[in-house]
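The structure appears below as structure tokens.
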Amino acid sequence: MRYRQSLRAQLPGWQLAFNKRAHGKEGIAYANIVKAEHSGAEVQGVLYQLWDHREIERMDPFEGHPVRYCRERLLVQTDEGERHTWVYIANTEWQADDLRPERWYLNHLLSGRPWLSADYYRYLLATTCVDDSPTLLTAP
């Protein structure tokens with residue numbers, strides 16, 4: 001993917017969900033966005049200004065569009081103002097409850113730290129992954 005610029009972006013009224021079933025991996029989740037269940041919610045991330053309009057079409061097969069994800073234009077907020085942008089949203093038939101991401105995948109999202117607020121980064125950091133070892137609790 002070639003891009004001209006990257007910006008910190010917020011998508012108010014939406015929230016992050018790990019409810020997109022991974023193709024061929026039982027119980028594994030990929031990121032998705034869903035309408036927020038409570039006011040004040042938002043998704044944070046990186047907005048890439050692509051080099052030209054063909055770049056998004058080159059991303060479609062990698063993102064699983066149109067089978068696994070659909071591509072929609074939504075209004076995001078950036079430090080440079082509001083911008084209409086493409087986002088990928090998991091198709092309903094690819095969504096499921098009780099899924100968790102793998103640690104490597106969550107680490108990929110955490111690598112966006114320079115574009116995330118401290119609170120949002122901590123929220124992501126607290127995500128339980130499918131391959132996390134259970135914490136052993138000991139009595140004091």
Side-chain angles (χ1 to χ4, degrees):
M1 170 182 70
R2 296 182 316 152
Y3 63 93
R4 298 173 189 255
Q5 180 182 28
S6 60
L7 297 169
R8 176 188 324 261
Q10 301 85 36
L11 181 59
W14 293 79
Q15 64 188 44
L16 178 67
F18 289 104
N19 69 344
K20 186 336 198 127
R21 289 185 297 113
H23 181 67
K25 293 183 174 184
E26 190 68 32
I28 304 299
Y30 289 133
N32 187 25
I33 60 171
V34 296
K35 289 280 189 180
E37 297 175 359
H38 61 287
S39 64
E42 70 177 14
V43 175
Q44 294 184 15
V46 184
L47 175 64
Y48 292 101
Q49 181 184 7
L50 300 177
W51 190 256
D52 65 41
H53 68 278
R54 294 176 301 221
E55 292 295 321
I56 192 71
E57 293 167 359
R58 289 184 186 115
M59 289 179 57
D60 285 347
F62 177 77
E63 296 295 339
H65 171 74
V67 175
R68 296 180 187 98
Y69 286 93
C70 65
R71 182 166 39 98
E72 295 185 24
R73 287 184 68 83
L74 295 178
L75 188 65
V76 299
Q77 297 174 352
T78 75
D79 295 339
E80 296 183 2
E82 295 182 329
R83 298 206 181 172
H84 283 93
T85 188
W86 290 112
V87 297
Y88 290 96
I89 302 173
N91 291 325
T92 305
E93 58 272 15
W94 281 90
Q95 294 179 32
D97 295 326
D98 300 324
L99 302 175
R100 292 187 179 166
E102 293 173 295
R103 176 57 53 190
W104 71 264
Y105 182 77
L106 183 65
N107 287 341
H108 175 68
L109 299 182
L110 291 167
S111 70
R113 186 176 193 170
W115 292 273
L116 306 174
S117 70
D119 286 344
Y120 200 81
Y121 181 81
R122 282 190 295 274
Y123 160 73
L124 282 178
L125 199 56
T127 301
T128 303
C129 295
V130 71
D131 44 358
D132 287 345
S133 299
T135 304
L136 298 176
L137 299 176
T138 55

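Each residue takes its place number in the sequence, starting with 1.
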Any Lys/Arg nitrogen of [X] or [Y] sitting under 4.0 Å from an Asp/Glu carboxylate oxygen of the other?
| X | Y | answer |
| --- | --- | --- |
| R103 | D131 | no |
| R54 | E57 | no |
| K25 | E102 | yes |

Please answer whether the main-chain N or O of [Y] pairs with a side-chain N or O of [X] as donor and acceptor at a distance below 3.5 Å.
| X | Y | value |
| --- | --- | --- |
| Q15 | E37 | yes |
| E63 | Y69 | no |
| Y105 | A31 | yes |
| R4 | W51 | yes |

Taking all heavy atoms of [X] and all of [Y], pick out the closest pair and write down the distance.
| X | Y | result |
| --- | --- | --- |
| P101 | T127 | CG-CG2, 3.9 Å |
| L124 | L109 | CD1-O, 4.3 Å |
| P12 | Q77 | CG-NE2, 3.7 Å |
| P114 | R8 | O-NH2, 3.6 Å |
| V46 | S6 | CG1-CB, 3.8 Å |
| P66 | N91 | O-ND2, 2.8 Å |

When rounded to the nearest 0.5 angstrom, what is the spacing between [atom1] in [X] and [atom2] in [Y]?
| X | Y | atom1 | atom2 | value |
| --- | --- | --- | --- | --- |
| M59 | H65 | CE | NE2 | 11.5 Å |
| Q49 | E55 | CD | CD | 12.0 Å |
| H53 | W86 | NE2 | CH2 | 11.5 Å |
| L11 | L47 | CG | CG | 10.5 Å |

Do L7 and R83 touch side chain to side chain, with heavy atoms closer than 4.5 Å?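 They are in side-chain contact.
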Are the side chains of F18 and L106 in touch, meaning some heavy atoms are under 4.5 Å apart?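 Contact flag for F18/L106 side chains = yes.
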Is there a path from [X] to [Y] through hydrophobic residues (I, L, V, M, F, W, Y) whose side chains come within less than 4.5 Å of each other?
| X | Y | result |
| --- | --- | --- |
| I89 | V43 | yes |
| L125 | W104 | yes |
| L75 | V87 | no |
| Y123 | V34 | no |
| I33 | L99 | no |

Less than 3.5 Å apart, any donor N or O on the side chain of Q5 or E80 sitting next to an acceptor on the other?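 Yes, side-chain donor-acceptor contact under 3.5 Å.
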Verify whether one side chain among Y88 and D60 offers a donor that lies under 3.5 Å from an acceptor in the other.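 Present: a donor and an acceptor within the cut-off.
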Would you mind telling me which of Q10, Q44, E42 makes a side-chain hydrogen bond (donor to acceptor under 3.5 Å, both in side chains) with S117?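 So the option named by the test is Q44.
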Give me the one residue out of N32, N19, V67 that meets side chain to side chain contact (heavy atoms under 4.5 Å, CB included) with W94.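 Running side chain to side chain contact (heavy atoms under 4.5 Å, CB included) over N32, N19, V67 with W94 returns exactly one hit, V67.
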Within the supplied structure, the quantity of interest is the number of heavy atoms (other residues, nucleotides, ligands) at a distance under 6.0 Å from D52 CG; does it exceed 12?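 Atom CG in D52 is crowded, with more than 12 foreign heavy atoms closer than 6.0 Å.
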Relative to each other, are the rings of Y48 and W115 parallel, tilted or perpendicular (30° and 60° limits)?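 Geometry flag for W115 against Y48: tilted rings.
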